[in-house]
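Accompanying notes for the structure given below.
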Amino acid sequence: MIVDRAQGLPATWAFATLGEVTTKPQYGWTTKATGAGNNLKLLRTSDISTGRVNWKTVPTCVNEPDDPSKFFLNAGDIVVARAGSVGKSFLIREDVTDAVFASYLVRFTPKILPEYVNFFMQSRRYWEQIEDKSSGIAIPNVNASKLSQVEIPVAPLNEQRRIVDKIESLFAQLDHGEAGLRDVQKLLARYRQSVLKVAVTGQLTANWRAENADRLESGSDLLARILEARRENWQGRGKYKEPAVPDTSDMPELPKGWVWASTEQVAFVETGATPKKGNSEYYDGGDIPWVTSTAVNESSIASPQAYITERALKETNAKLFPVGTLVVAMYGEGKTRGMVSELGIEAATNQACAALVVEHLSAALRRHLKWFYKFYYEAVRLLSSGGVQPNLNLSLVKATCFPLPGENEADEIVARLDKEMHRIELINQSCQAELTRSAALRQSILKDAFAGKLVPQDPSDEPASELLARIRAERDAAASKKRTRKKVTA
């Protein structure tokens with residue numbers, strides 16, 4: 001990307017490239033692996049991705065460089081990711097003598113104010129150049145040469161200090177406001193879990209039960225009707241297998257009239273498959289929606305990740321599930337495993353999903369089961385087994401028990417939950433909108449900062465052109481000295 005030099009920068013400013021205002025960029029140390037056994041830490045791309053480095057979680061090198069000091073990080077260094085979170089940068093504010101930086105990071109040491117360069121590398125002007133493929137500075141990776149070509153508007157050195165001070169002051173105010181908004185979101189998450197807890201334990205409707213004692217249906221009567229509907233819904237699909245009665249001897253006491261039911265007693269618990277990727281006949285021209293466990297990150301699944309063919313359904317274990325089926329992720333790192341969503345479309349799933357087919361349940365009972373799984377999310381994750389990637393399995397999902405009231409109380413619980421969750425979501429959306437507005441305001445501040453509009457100019461400041469000329473002269477002198485040394489050595 002060519003920066004528009006016709007943009008109205010102040011007369012004392014000048015354009016330069018990162019390469020012109022920094023020392024020669026340096027790639028980090030290439031280590032064979034990371035792990036225990038050495039004291040030297042290795043700063044990686046993933047460690048700087050959040051904008052803060054938690055040095056306690058930075059791993060150590062298995063093999064160390066012969067001269068680690070060449071890769072030590074010094075105050076004022078800026079490391080930039082050239083793969084992964086491409087273009088993400090991090091300013092080193094204190095000397096670090098117990099860590100080196102990894103090969104997918106590039107070190108730049110500014111000859112102008114490091115904080116000024118650091119803020120520029122957060123601006124949209126910088127990111128537009130990183131993301132512009134036409135310039136050759138393209139995702140998914142860049143190199144030191146391409147990064148060095150990024151253009152930066154350079155203010156006089158004294159104005160750089162004023163700009164940095166002003167940005168830090170304004171950003172501190174935004175930080176305070178954003179921290180408050182995130183605190184509210186955390187409180188909302190805890191409150192949401194509390195509401196779900198009182199709902200599934202019967203506390204939410206305790207007074208309602210007392211007021212409607214004469215017309216309450218028992219959970220056991222409802223379960224009997226569900227089992228009958230389950231049996232009838234199976235007709236024509238082969239031999240019916242009665243779901244196992246759960247062992248509830250160690251389960252806590254429920255409100256009067258409630259019973260424990262297993263997921264298998266109220267739903268058909270199935271899973272899907274991934275048709276062989278190399279077989280084009282399973283995918284080409286397919287019109288059957290197919291989803292994976294990543295789809296559960298949304299409350300309702302409205303679009304597929306791919307389409308498969310009728311042949312894939314016939315020749316593999318993939319199955320088409322109806323609208324309203326609850327989908328529980330059995331595999332997945334991070335927050336995915338154990339999450340629940342609902343099919344808003346007919347779709348097949350892969351084997352990482354447990355499909356809870358609930359066509360025979362009323363709409364309220366489907367939502368009651370879905371709300372329970374949202375409450376039980378953390379506990380479901382703890383039930384998972386496995387090593388490097390702990391997973392759930394169909395047996396665990398089938399055996400998961402939940403408290404079942406009568407249908408009229410379930411209707412009341414769902415109505416109250418829907419209302420309260422809607423209110424929580426509106427507040428959360430409001431917080432998120434303010435966070436988005438704050439992020440936009442940061443970019444507006446940075447835009448003004450690097451257009452010379454954030455702080456007033458001082459006519460007595462040394463122009464940026466003279467600063468850049470001095471940096472260039474120092475670099476030329478250093479290069480000449482280096483060449484002379486080589487000749488003498490020769």
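The analysis underlying the following values was restricted to heavy atoms, covering all of them including side chains, and did not include hydrogens, waters or symmetry mates.
- Under the ring pair (Phe, Tyr, Trp, His ring centres under 6.0 Å) criterion, the residue pairs touching residues 152-179 are F119-F171, with sequence neighbours excluded.
- S49 places a side-chain N or O within donor-acceptor distance of the main-chain N or O of S46, the cut-off being under 3.5 Å.
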side-chain hydrogen bond (donor to acceptor under 3.5 Å, both in side chains) for Y373 and T263? Distances and angles first, verdict last.
CA-CA 10 Å; Y373 263 90; T263 300; 2.8 Å; yes
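- Salt bridge annotation for R423-D418: absent, with no cationic side-chain nitrogen under 4.0 angstrom from a carboxylate oxygen.
- In this structure, T400 contributes its side chain and L396 its backbone to a donor-acceptor pair below 3.5 Å.
- Of the possible polar contacts, one joining the S194 side chain to the R190 backbone as a donor-acceptor pair under 3.5 Å is found.
- Considering all non-hydrogen atoms of both residues, R93 and N118 come closest at NH2-ND2, 3.9 Å.
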Report the C-alpha distance between V100 and F72 in whole Å, list the side-chain angles of each, state the deciding distance to 0.1 Å, and finish with yes or no for side-chain contact (heavy atoms from CB on, under 4.5 Å).
CA-CA 5 Å; V100 296; F72 285 162; 4.2 Å; yes
Checking S299 against E342 for the side-chain hydrogen bond (donor to acceptor under 3.5 Å, both in side chains) test, could you report, in this order, the C-alpha distance in whole Å, the side-chain angles of both residues, the deciding distance, and whether it holds?
CA-CA 7 Å; S299 182; E342 180 179 353; over 6 Å; no
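- With sequence neighbours left out, the ring pair (Phe, Tyr, Trp, His ring centres under 6.0 Å) criterion links Y116 to F450.
- Using modelled atom types, no side-chain atom of E462 and backbone atom of N158 make a donor-acceptor pair closer than 3.5 Å.
- The shortest side-chain heavy-atom distance between I112 and L467 falls under the 4.5 Å cut-off.
- In this structure, the side chain of S262 does not engage the main chain of C401 through any donor-acceptor pair within 3.5 Å.
- W260 is listed as a side-chain neighbour of L254, based on a closest heavy-atom distance under 4.5 Å.
- Applying the salt bridge (Lys or Arg N to Asp or Glu O under 4.0 Å) test to every pair with at least one member in residues 398-414, sequence neighbours left out, gives these pairs: R209-E409, R225-E407, E412-R416.
- A heavy-atom distance below 4.5 Å is not found between the side chains of V150 and T17.
- Minimum interatomic distance between V414 and H368 (heavy atoms only, all atoms of both residues): CG2-N, 3.7 Å.
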Applying side-chain hydrogen bond (donor to acceptor under 3.5 Å, both in side chains) to E131 and Y126, what does each step give before you reach the verdict?
CA-CA 9 Å; E131 295 167 0; Y126 165 76; over 6 Å; no
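- Within the 4.5 Å cutoff, the side chain of L404 has no heavy atoms near those of the W258 side chain.
- For residues 78-103, no pair satisfies ring pair (Phe, Tyr, Trp, His ring centres under 6.0 Å), with sequence neighbours left out.
- Side-chain contact check for T274 and Q351: at least one donor-acceptor pair (N or O, by modelled atom type) lies under 3.5 Å.
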Which is it for I152 and E20 under the side-chain contact (heavy atoms from CB on, under 4.5 Å) test, yes or no, and what are the steps along the way?
CA-CA 10 Å; I152 175 174; E20 290 172 329; over 6 Å; no
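- Across A14 and S465, no two heavy atoms sit closer than the pair CB-N, 4.4 Å.
- Partners of R192 by salt bridge (Lys or Arg N to Asp or Glu O under 4.0 Å), not counting sequence neighbours: none found.
- The two atoms that bring R337 and Y377 nearest to each other are O-CE1, 3.4 Å, heavy atoms only.
- There is a side-chain donor-acceptor pair under 3.5 Å between D77 and T109.
- With sequence neighbours excluded, the residues that form a side-chain contact (heavy atoms from CB on, under 4.5 Å) with K197 are T201, F375.
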Checking side-chain contact (heavy atoms from CB on, under 4.5 Å) for the pair Y331/C353: CA distance, chi angles, key distance, verdict?
CA-CA 7 Å; Y331 311 161; C353 300; over 6 Å; no
Given side-chain contact (heavy atoms from CB on, under 4.5 Å), test V58 with R44 step by step and report yes or no.
CA-CA 8 Å; V58 174; R44 306 159 301 171; 5.5 Å; no
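- At a threshold of 4.5 Å between non-hydrogen side-chain atoms, the residues N74 and R107 count as touching.
- Counting non-hydrogen atoms of neighbouring residues, nucleotides and ligands closer than 6.0 angstrom, the NZ atom of K319 exceeds 12 such neighbours.
- With sequence neighbours excluded, the residues forming a side chain to side chain donor-acceptor pair (under 3.5 Å) with Q429 are E425, listed by chain and number.
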Considering only distance and modelled atom types, tabulate donor-acceptor pairs under 3.5 Å from the side chains of residues 437-444, sequence neighbours left out.
residue, atom, partner, partner atom, Å
R437, NE, E434, OE1, 3.3
R437, NH2, E434, OE1, 3.4
S438, OG, E178, OE2, 2.5
R442, NE, E178, OE2, 3.1
R442, NH2, D175, OD1, 2.5
R442, NH2, E178, OE1, 3.1
R442, NH2, E178, OE2, 3.4
Q443, OE1, R124, N, 2.7
Q443, NE2, Q122, O, 2.8

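- Here the side chains of P255 and P405 are not in contact, with every heavy-atom distance at 4.5 Å or above.
- With a 6.0 Å radius and a threshold of 12 heavy atoms from other residues, nucleotides or ligands, K370 has its NZ atom above the threshold.
- When the ring pair (Phe, Tyr, Trp, His ring centres under 6.0 Å) test is applied to F372, the partners found at least two apart in sequence or on another chain are Y376, F402.
- In this structure, the side chains of P114 and L91 come closer than 4.5 Å at one or more pairs of heavy atoms.
- A salt bridge is absent between D165 and R162; no separation between the charged side-chain nitrogens and carboxylate oxygens falls under 4.0 Å.
- A 4.5 Å side-chain heavy-atom check between I78 and I92 finds every atom pair outside the cut-off.
- The side chain to side chain donor-acceptor pair (under 3.5 Å) search around T436 returns none, not counting sequence neighbours.
- Q129 places a side-chain N or O within donor-acceptor distance of the main-chain N or O of E151, the cut-off being under 3.5 Å.
- Checked by atom type and distance alone, the side chain of E346 never pairs as donor or acceptor with a backbone atom of F321 at under 3.5 Å.
- The minimum heavy-atom distance linking A273 with W290 is given by the pair O-NE1, 3.0 Å.
- Without hydrogens or angle criteria, K41 side chain to C61 main chain gives no donor-acceptor distance under 3.5 Å.
- Closest of all the heavy-atom pairs between A302 and I345 is O-CG2, 3.6 Å.
- Remark: the backbone N or O of K146 is paired with a side-chain donor or acceptor of N143 at under 3.5 angstrom.
- A distance-only check finds no donor-acceptor pair linking the side chain of D448 to the backbone of I445 [under 3.5 Å].
- No more than 12 heavy atoms of other residues, nucleotides or ligands shown are found within 6.0 angstrom of CG on N207.
- Pairs passing the ring pair (Phe, Tyr, Trp, His ring centres under 6.0 Å) check and including a residue from residues 339-364, sequence neighbours excluded, read F268-H360.
- Within a 6.0 Å sphere centred on CD of E298, other residues, nucleotides and ligands contribute 12 heavy atoms or fewer.
- The side-chain contact (heavy atoms from CB on, under 4.5 Å) search around S341 returns V296, I301, not counting sequence neighbours.
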